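As the structure is a computational prediction, the values presented were derived from the model and not from experiment. A, B, ... follow the sequence lines: proteins, then strands. Residue 1 opens every chain.
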Number of protein chains: 2
Amino acid sequence: MAGTNDSTREALLDAAKVLAQTQGYNAFSFRDLADRVGITTASIHYHFPTKAHLGRELVIRYRERLMEGCRQIDARATKPRERLERFIGVLRGAIEKGTRMCLCGMFGAEFATLPGPVRDEVRSLFEATEGWMAGVLGEGRSVGVFRFDGDPERVARQVFASLQGGMMTACAFEERFNAVAEGLIRTLTHKG
Amino acid sequence: MAGTNDSTREALLDAAKVLAQTQGYNAFSFRDLADRVGITTASIHYHFPTKAHLGRELVIRYRERLMEGCRQIDARATKPRERLERFIGVLRGAIEKGTRMCLCGMFGAEFATLPGPVRDEVRSLFEATEGWMAGVLGEGRSVGVFRFDGDPERVARQVFASLQGGMMTACAFEERFNAVAEGLIRTLTHKG
DNA sequence: GTCTATAAGATGATAGAC
DNA sequence: GTCTATCATCTTATAGAC
């Protein structure tokens with residue numbers, strides 16, 4: 001029902017996603033988007049009245065797909081450590097596909113300049129992802145593979161911030177994300 | 001000699017710094033800058049031929065001042081842990097002054113869209129800061145207050161990425177940087 | 001749904017007077 | 001050094017034909 005196959009609309013969101021991940025919300029224009037999809041800028045407005053509408057739906061779809069990815073990770077891997085590693089693999093995949101940031105990191109940095117409705121969805125994106133990760137970390141600790149003090153929610157925020165920062169660094173220095181990710185896992189699994 | 005007191009030029013760099021930290025390179029304009037300093041956009045071009053020149057000098061000055069700050073930390077604190085905490089305090093200060101990103105994080109995220117000369121200075125900014133931090137971490141480990149495996153340079157990159165990610169998150173959720181920073185110190189000083 | 005045409009404003013940048 | 005005036009181009013967005 002929701003999400004009927006409107007191919008132009010989907011193509012616009014696909015192109016906008018890549019542009020937003022590589023350049024940011026402020027650095028891509030309707031013209032960039034129109035050129036990539038092969039229509040005129042006027043046609044974009046038929047699908048999305050304003051850039052803010054486009055941005056908002058972009059983040060909503062990104063969150064839904066990321067959460068769907070997390071559910072698939074849960075279905076395919078039962079061990080918390082493997083779940084975490086698979087999640088990190090998703091982020092790594094974005095970098096390897098062309099030094100793309102996660103939308104969390106990119107829109108987080110641009111947060112002050114985003115339209116209100118986009119901001120709301122970005123916050124929701126953070127909370128959903130960190131919530132899933134808190135579950136993985138909490139379960140990992142209870143089975144004894146992860147080791148940390150305090151609230152899993154707090155540690156999830158810390159781990160997520162670290163990964164986002166690693167992706168950001170990878171924009172300036174290729175091959176730096178892996179060092180951050182591996183160090184993170186080592187820390188979490190460290191047997192003091 | 002270098003850096004004669006050209007007050008308009010300095011005022012431009014000051015205003016550009018705040019705008020770059022809060023909005024990013026792509027989101028601020030010569031008009032924003034001119035309005036804040038009280039001159040016209042044409043006058044900006046007398047001091048900086050292009051926006052790329054302005055951006056480049058902005059990053060250079062930022063790096064020089066940050067490194068000067070690190071030297072002052074070294075002079076005022078001898079314990080590695082206190083040095084790290086003071087550095088974190090500098091980042092926290094930027095957030096508390098108005099949810100400002102570090103230029104590393106903001107320009108790192110925008111990296112793909114930055115003019116070449118600005119990119120070069122951003123890389124240099126990362127390297128200088130991470131180099132200083134590697135020294136603090138290495139010394140901390142040798143005196144037994146920090147505990148980590150592997151190369152101090154690698155861990156410095158990880159710690160720095162984590163802090164940058166924490167600042168990014170703080171743009172969307174106030175009061176989140178402290179949780180990241182405190183968790184980080186706890187991890188580094190943990191007595192397994 | 002997509003187009004052409006157009007709008008109103010912003011953008012970085014230049015020429016030349018003062 | 002700073003200004004006015006101007007530039008070409010880009011920006012998001014709208015009206016109306018097809």
Taking only nitrogen or oxygen atoms into account, show me every contact under 3.5 Å that the protein makes with nucleotides 2-9 of chain C, one pair per line with its distance.
| residue | atom | partner | partner atom | Å |
| --- | --- | --- | --- | --- |
| C:dT2 | OP1 | A:Thr8 | OG1 | 2.8 |
| C:dT2 | OP2 | A:His47 | NE2 | 2.7 |
| C:dC3 | OP2 | A:Thr40 | N | 2.8 |
| C:dC3 | OP2 | A:Thr40 | OG1 | 3.1 |
| C:dC3 | OP2 | A:Ser43 | OG | 2.7 |

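- Checked for salt-bridge contact, B:Glu57 and B:Arg61 miss the test: no charged N lies under 4.0 Å from a carboxylate O.
- Non-hydrogen atoms lying under 4.0 Å from DNA chain C are contributed by nothing in residues 106-117 of chain B.
- Using a 30° and 60° split on the angle between ring planes, B:Phe126 and B:Phe160 fall in the perpendicular class, above 60°.
- Every residue was checked against the ring pair (Phe, Tyr, Trp, His ring centres under 6.0 Å) condition with B:Phe177, not counting sequence neighbours, and none meets it.
- Using a 4.0 Å heavy-atom criterion, one finds that A:Phe28 contacts the sugar-phosphate atoms exclusively.
- Bending across the helix from C:dG1-D:dC18 to C:dC18-D:dG1, expressed as the angle between its end axes from five pairs apiece, amounts to 0° (10° rounding).
- B:Glu153 and B:Arg157 are not joined by a salt bridge, as no carboxylate oxygen comes within less than 4.0 angstrom of a charged side-chain nitrogen.
- A salt bridge links B:Glu85 with B:Arg81: at least one charged nitrogen is closer than 4.0 Å to a carboxylate oxygen.
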Legend entry - Worked check of salt bridge (Lys or Arg N to Asp or Glu O under 4.0 Å) between A:Arg71 and A:Glu68: CA-CA 5 Å; A:Arg71 281 190 293 273; A:Glu68 174 57 28; 3.0 Å; yes
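- Computed from coordinates, the A:Lys51 NZ to D:dC10 P distance equals 15 Å when rounded to whole Å.
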Can you give the donor-acceptor pairs under 3.5 Å from side chains of residues 127-140 of chain A to other protein atoms, not counting sequence neighbours?
| residue | atom | partner | partner atom | Å |
| --- | --- | --- | --- | --- |
| A:Thr129 | OG1 | A:Leu125 | O | 2.8 |
| A:Glu130 | OE1 | B:Arg176 | NH1 | 2.5 |
| A:Glu130 | OE2 | B:Arg176 | NH1 | 2.8 |
| A:Trp132 | NE1 | A:Asp74 | OD1 | 3.2 |
| A:Trp132 | NE1 | A:Asp74 | OD2 | 3.1 |
| A:Glu139 | OE1 | A:Arg83 | NH1 | 3.4 |

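- Proximity of residues 29-36 of chain A to DNA chain D (heavy atom under 4.0 angstrom from any strand atom) is restricted to A:Ser29, A:Phe30, A:Arg31.
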